[in-house]
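Any value given below was found using the heavy atoms of this structure, including those in side chains, with hydrogens, waters and symmetry copies removed. So that the names make sense, note that chain A is the first sequence line, chain B the second, and so on, each numbered from 1.
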Amino acid sequence: METKKIEKKWQKYWKENHTFEASNESDKKKYYILVEFPYPSGAGLHVGHVRSYSALDSVARMKRMQGYNVLFPMGWDAFGAPAEQYAIKNHIHPSIAVKENIKTFKGQLQSLGLSFDWSREFATTDPKYYKWTQWQFLKFYEKGLAYKATVPVNWCPNCKTVLSNEDASGGVCERCGTGVVQKEKSQWMLGMKKYAEKLLDGLKDTEFQEKTKLAQINWIGKSTGAEVDFLIDHSDEKLKVYTTRPDTIFGVTFMVIAPEHPIIDKLGTRILNLDELKEYKEYASHKNEMERTQLNKDKTGVKILGFYAINPITKDKIPVYVSDYVMMNYGTGAIMAVPAHDERDYEFAKKYGIDIIPVIEGGDINKEAYVGDGVMINSGFLNGIDNKRDAIFEMTEYMEKNAIGKRCVKYRLQDWVFSRQRFWGEPIPMINCPTCGWVPVPYSDLPVKLPNVASYEPTETGESPLASIDEFVNCKCPKCGGPAKRETDTMPNWAGSSWYWLRYMDPNNDSEFVSQDALNYWGKVDWYNGGMEHATRHLLYARFWNNFLYDQGLVPNAEPFKLRTSHGMILGSNGEKMSKSKGNVINPNDCVDEFGADALRVYEMFIGDYEKEVNWSTDSLKGCRKFLDRVERIGEKVRESNRFSKEIEVLINKTIKKVTDDLENLKYNTAVSSLMILLNELEKLDNITTKDYRTLLLLLNPMAPHITEELNEIYNLGDHLCESSWPKYNKEKLIDETITIAIQVNGKLRGTIEVSNDTDEESLKKLALANDNVKKHIEGKTIVKTIVIKNKIVNIVVK
RNA sequence: GCUUGUGUGGCGGAACUGGUAGACGCGCACGACUCAAAAUCGUGUAUCUAUGAUGUGAGGGUUCGAUUCCCUCCACAAGCACCA
């Protein structure tokens, strides 16, 4: 039968028999495998999706055969800008384009024979799903973790929307590439900062890959130091700074505050050059518009005329500067500058002619050997202390005793800007009443649905398109019944993906976001695979969200994911990222049409190290097709027997072990290659047994599920593979009876000998010395030493 | 700049706790089958000044023995980026 027909036949069988649908009630051990659900773009499935989905599908299939109740779901992360842009252009509701795209994606995934449980499918854009996203937002609000704040936000003048720091990385809009400007805007925020320590600490309870943990740790960016108060001369005002090096306070020769620092307004009447400072603030806010990628930016700044700060230790008068190298959103927005030991402060001091006082011996910044540790000098009571740990400790103690400052911890992690001025997102379920203020939409009124209109143009003022839809905006205040207005901002793209794995456990529940029974049964996701690009933001948002739900007693675990792995990208055959403009895009449909789904799946697993990026090679794909053809052809040599052929008994046991281990350890490429080796050996035999063949097919089934099922049926080898047990190996049959031992002279290979397994050291030595080539190389020399490692090697050291 | 990775044939990549480097596949060459081609099968395929020597980014070290461990350096990739 032709490949296509075979594939369709089995796909139909699996569907009709609900083969891959997981049960929420089972005596079997559960295993939850999650792959990141795709954004259903108009471009269709990418070969990169196929890589991770095939790989984890093979794990899911193996686990089922090993007797687990496997949950391997799929859905759609379907809110987002592209659908909205498309809608604006064509004046059709985004849900229509999304529906189309989902249809395409689903068809493509199904044609690959991936064993997803389609009965649990949903899209984040389904009102039945986003009802619960909104419900959870209200929980955040109730706990004070969702709040409105006026914050300087990244603003894209082209898209007319607020961007998160993440979406504005590099100072340009992630979507359109326009330079981002700073703008003050009232936004909904989620209090993620409060969870910084938990998110850091919770990593202990995960088995994430080390690189993923590190990425998260970096992103959270914890640092310990001290907050120190500098009094302002002739005033009760204080300037609070954060420093990780309180020990260097004797070296402070100036201070720097962020352009937005509130003290400027507070002491406005005393400041002689207020206009200049305002001008600088204006300049700084536009700075992002310019090439922010420019490195080694020149330090700029303005000295505040009119007041000084007082060093709390030395009582010196310290000039205060405004500069944009200090950020308002980190620490206290103010720093004590120690130009002798900090590169940035040094640069600034040089430019503005400020004194530089070294306080660490040999730590002078303008010397090559800049060090941050050494003997304290010019530092009063710290003089002579020879390491920073003790110096920091002494100083902090002193500060706390004298109420000058105190120990504290800071995080780089910021609260999550949760508002977007877009149409195509979950409406934030809040109502603004002129008398009651912000009032949450009652739970019973959820979901707040997106209206069905035909215009999605953003407004000039930067409000969401929803703001111009009166029937949506105008409503009654749930509290006082008076006229009120709905929040028109929607949630960011990341919202829907911050809890989707929970919904899969119980996707059709109308009364709860997921039932407690389902939560208790499925627990944590056992294995979550996705792209490395999501190792920080998505993974942090998801963990934050889940930690919050846990604190509310809504889910049984603080951490949602046990293991997290990530796959490498697939590049075009020219080594560049696949893109339409480069003409190097490979469409998985074409591959399925020409070579079959099985061949594509096997190829994508064989293509290379799963965690590294790889270049596409259609030739290699052909090779995998050939491999499957050979598997098919060898069936002609099968003879009935329930034993392994003697010649390959050890090899086949080894292969079972290898494939089993490799599939669990991201070593998909060697899993495939070990099956190729097995096939090579089987081909050398005149005939093979039914047990040989069925074992080969069982092992290959997770990777090439269609052809293997078909061959199993054609040769009448037994139950359907997907309903059979995974092969087990016999530990005693893992070692060959005869093995090859390498013989070296002075570490160089001079020959090999065949010996029976476990030949003792003394005999090995004798055999080695008897070898002709060895004799030649030791002739006329003295043997200094002989190293014999059983079953491995003999090394003769001569002089 | 910082953090984290990665450097192995023409190519993708193997190599257990240090023990025969280059498994497996692609490509290429030759051969078989064929009138011929495709497909298929078989053989070979690191390099060189070739009975030997050299080879895992470069240089050093530890060891009987190093792709593997240690030090220095180089290149590339990803992430972060004035974080005090």
Using the side chain to side chain donor-acceptor pair (under 3.5 Å) rule, take A/N574 and A/N615 through it: C-alpha gap first, then chi angles, then the decisive distance, then the call. CA-CA 7 Å; A/N574 55 356; A/N615 297 358; over 6 Å; no

Gap between atoms [atom1] and [atom2], on [X] and [N] respectively (whole Å):
{"X": "A/M605", "N": "B/rA14", "atom1": "CE", "atom2": "C1'", "result": "16 Å"}
{"X": "A/K211", "N": "B/rA77", "atom1": "NZ", "atom2": "P", "result": "17 Å"}
{"X": "A/E683", "N": "B/rC24", "atom1": "CD", "atom2": "P", "result": "13 Å"}
{"X": "A/M327", "N": "B/rC82", "atom1": "CE", "atom2": "C1'", "result": "5 Å"}
{"X": "A/K667", "N": "B/rC24", "atom1": "NZ", "atom2": "C1'", "result": "14 Å"}
{"X": "A/E613", "N": "B/rC76", "atom1": "CD", "atom2": "C1'", "result": "10 Å"}
{"X": "A/N680", "N": "B/rA23", "atom1": "CG", "atom2": "P", "result": "12 Å"}
{"X": "A/D662", "N": "B/rC16", "atom1": "CG", "atom2": "C1'", "result": "12 Å"}

For [N] and [M], measure between their [atom1] atoms and round to the nearest Å.
{"N": "B/rU67", "M": "B/rG19", "atom1": "P", "answer": "10 Å"}
{"N": "B/rC64", "M": "B/rC76", "atom1": "P", "answer": "38 Å"}
{"N": "B/rC11", "M": "B/rC28", "atom1": "C1'", "answer": "11 Å"}
{"N": "B/rU54", "M": "B/rC70", "atom1": "P", "answer": "26 Å"}
{"N": "B/rC48", "M": "B/rU43", "atom1": "P", "answer": "25 Å"}
{"N": "B/rA77", "M": "B/rU8", "atom1": "P", "answer": "14 Å"}
{"N": "B/rA58", "M": "B/rC74", "atom1": "P", "answer": "15 Å"}
{"N": "B/rA84", "M": "B/rG7", "atom1": "C1'", "answer": "36 Å"}

For a quick check, tell me whether the side chain of A/K622 and the base of B/rC26 share a donor-acceptor pair closer than 3.5 Å. no

Quiz item: A/N795 side-chain donor-acceptor pair to B/rC64 base, under 3.5 Å: yes

Could you check which nucleotide pairs with [N] in any of the strands shown, counting Watson-Crick or G-U wobble with both distances under 3.5 Å?
{"N": "B/rG52", "value": "B/rC48"}
{"N": "B/rU34", "value": "none"}
{"N": "B/rA66", "value": "none"}
{"N": "B/rU72", "value": "B/rA58"}
{"N": "B/rA77", "value": "B/rU4"}
{"N": "B/rG12", "value": "B/rC24"}

Scan [X] against the nucleic acid and name what it touches under 4.0 Å (heavy atoms): base, sugar-phosphate only, or nothing.
{"X": "A/K657", "value": "nothing"}
{"X": "A/I677", "value": "sugar-phosphate"}
{"X": "A/T670", "value": "sugar-phosphate"}
{"X": "A/E210", "value": "nothing"}
{"X": "A/V241", "value": "nothing"}
{"X": "A/K799", "value": "nothing"}
{"X": "A/T740", "value": "base"}
{"X": "A/R750", "value": "sugar-phosphate"}
{"X": "A/K626", "value": "sugar-phosphate"}

Is there a side chain to side chain donor-acceptor pair (under 3.5 Å) between A/R412 and A/N218 once you walk through the steps? CA-CA 8 Å; A/R412 201 189 77 106; A/N218 277 336; over 6 Å; no

Let's see if you can work this out: which of [options] has an atom nearest to the side-chain heavy atoms of [X]?
{"X": "A/R630", "options": "B/rG52, B/rC41, B/rU20", "answer": "B/rC41"}
{"X": "A/F606", "options": "B/rA23, B/rG12, B/rU17", "answer": "B/rG12"}
{"X": "A/D324", "options": "B/rU4, B/rC82, B/rA84", "answer": "B/rC82"}
{"X": "A/D609", "options": "B/rA53, B/rU20, B/rG13", "answer": "B/rG13"}
{"X": "A/I335", "options": "B/rA84, B/rG27, B/rA23", "answer": "B/rA84"}
{"X": "A/Q744", "options": "B/rC24, B/rG19, B/rG52", "answer": "B/rG19"}
{"X": "A/Y242", "options": "B/rC24, B/rC80, B/rA84", "answer": "B/rA84"}
{"X": "A/M676", "options": "B/rG25, B/rG27, B/rC41", "answer": "B/rG25"}
{"X": "A/K299", "options": "B/rG19, B/rG25, B/rC82", "answer": "B/rC82"}
{"X": "A/N669", "options": "B/rU4, B/rG13, B/rU17", "answer": "B/rG13"}

Flag for [Y]-[X]: side-chain donor and acceptor within less than 3.5 Å:
{"X": "A/S223", "Y": "A/Y242", "answer": "yes"}
{"X": "A/Y352", "Y": "A/S323", "answer": "no"}
{"X": "A/E197", "Y": "A/Y411", "answer": "yes"}
{"X": "A/D345", "Y": "A/Y325", "answer": "yes"}

Heavy atoms of A/F250 and A/M395 approach each other most closely as CE1-CE, 3.6 Å

Over all heavy atoms of both residues, which pair between A/D324 and A/M327 is shortest? Give the atoms and the distance, please. O-CE, 3.5 Å

Reckon A/K658 has a side-chain N or O less than 4.0 Å from the OP1 or OP2 of B/rC16? no

Does the side chain of A/R412 get closer than 4.0 angstrom to OP1 or OP2 of B/rA81 through an N or O atom? yes

Where the chi angle of B/rG44 falls, syn if within 90° of 0 and anti if not: anti

Quick one: sort the A/W416 and A/Y541 rings into parallel, tilted or perpendicular, breaks at 30° and 60°. parallel

Is the ring centre of A/F595 less than 6.0 Å from the ring centre of A/Y603? no

Closest-nucleotide ordering on RNA chain B, the 5'-leading residue of A/G623 and A/I787: A/G623

Quick check: on RNA chain B, is the nucleotide nearest A/A215 upstream (toward 5') of the one nearest A/G331, or the reverse? Name the residue that is more 5'. A/A215

